[in-house]
Amino acid sequence: MNGDRFCDGCRYLDFSDAVNDYDVYAARCNDPGKPMRGQHRVIAVAAFARPFQIIHPAWCRGKKPTP
């Protein structure tokens with residue numbers, strides 16, 4: 001698989017952990033120049049652990065590697 005298709009390792013990717021048993025782990029895009037509204041747009045969720053291998057959303061401007 002091509003690693004450039006995924007958000008993993010992008011510096012704009014941020015995670016929020018589940019707060020309780022009824023919550024989910026969420027991956028958020030924090031790119032300030034994205035064309036979609038919403039400062040911390042949720043791009044993936046998972047019930048038991050942090051989501052991974054998140055495919056870039058159609059509006060993504062490109063992966064920005066973590067420095």
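If you read the sequence from its start, that first residue is 1, and numbering goes on from there. Being a predicted model, the structure only gives us computed values, none of them experimental.
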side-chain contact (heavy atoms from CB on, under 4.5 Å) against Phe52, all qualifying residues, sequence neighbours excluded: Asp8
Partners passing side-chain contact (heavy atoms from CB on, under 4.5 Å) against Val24 (at least two apart in sequence or in another chain): Val45
Beyond-backbone contact of Lys63 with His56, side-chain heavy atoms, under 4.5 angstrom: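 Yes, at least one pair of side-chain atoms sits under 4.5 Å.
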Side chain proximity check, Tyr25 to Ser16, heavy atoms < 4.5 angstrom: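 No, too far: nothing below the 4.5 Å cut-off.
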Out of curiosity, [X] [atom1] to [Y] [atom2], how far, rounded to the nearest 0.5 Å?
| X | Y | atom1 | atom2 | value |
| --- | --- | --- | --- | --- |
| Arg50 | Leu13 | CZ | CG | 9.0 Å |
| Ile54 | Cys10 | CD1 | SG | 10.0 Å |
| Asp14 | Ile43 | CG | CD1 | 10.0 Å |

Distance-minimising heavy-atom pair for Pro51 and Phe15: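 In this case the closest contact between Pro51 and Phe15 is O-CE2, 3.5 Å.
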Asp31/Lys64 under salt bridge (charged side-chain N to carboxylate O under 4.0 Å, His left out): CA gap, chis, key distance, verdict: CA-CA 9 Å; Asp31 183 353; Lys64 306 292 186 263; 5.7 Å; no
Result of checking Cys60, Cys7, Pro32 against Tyr12 for side chain to side chain contact (heavy atoms under 4.5 Å, CB included): Pro32
Pairing residues for Arg11 by the side chain to side chain donor-acceptor pair (under 3.5 Å) criterion, not counting sequence neighbours: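 Side chain to side chain donor-acceptor pair (under 3.5 Å) list for Arg11, sorted by chain: empty.
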CG (Asp21) with more than 12 external heavy atoms under 6.0 Å: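 At most 12 heavy atoms, drawn from other residues, nucleotides or ligands, come within 6.0 Å of this atom.
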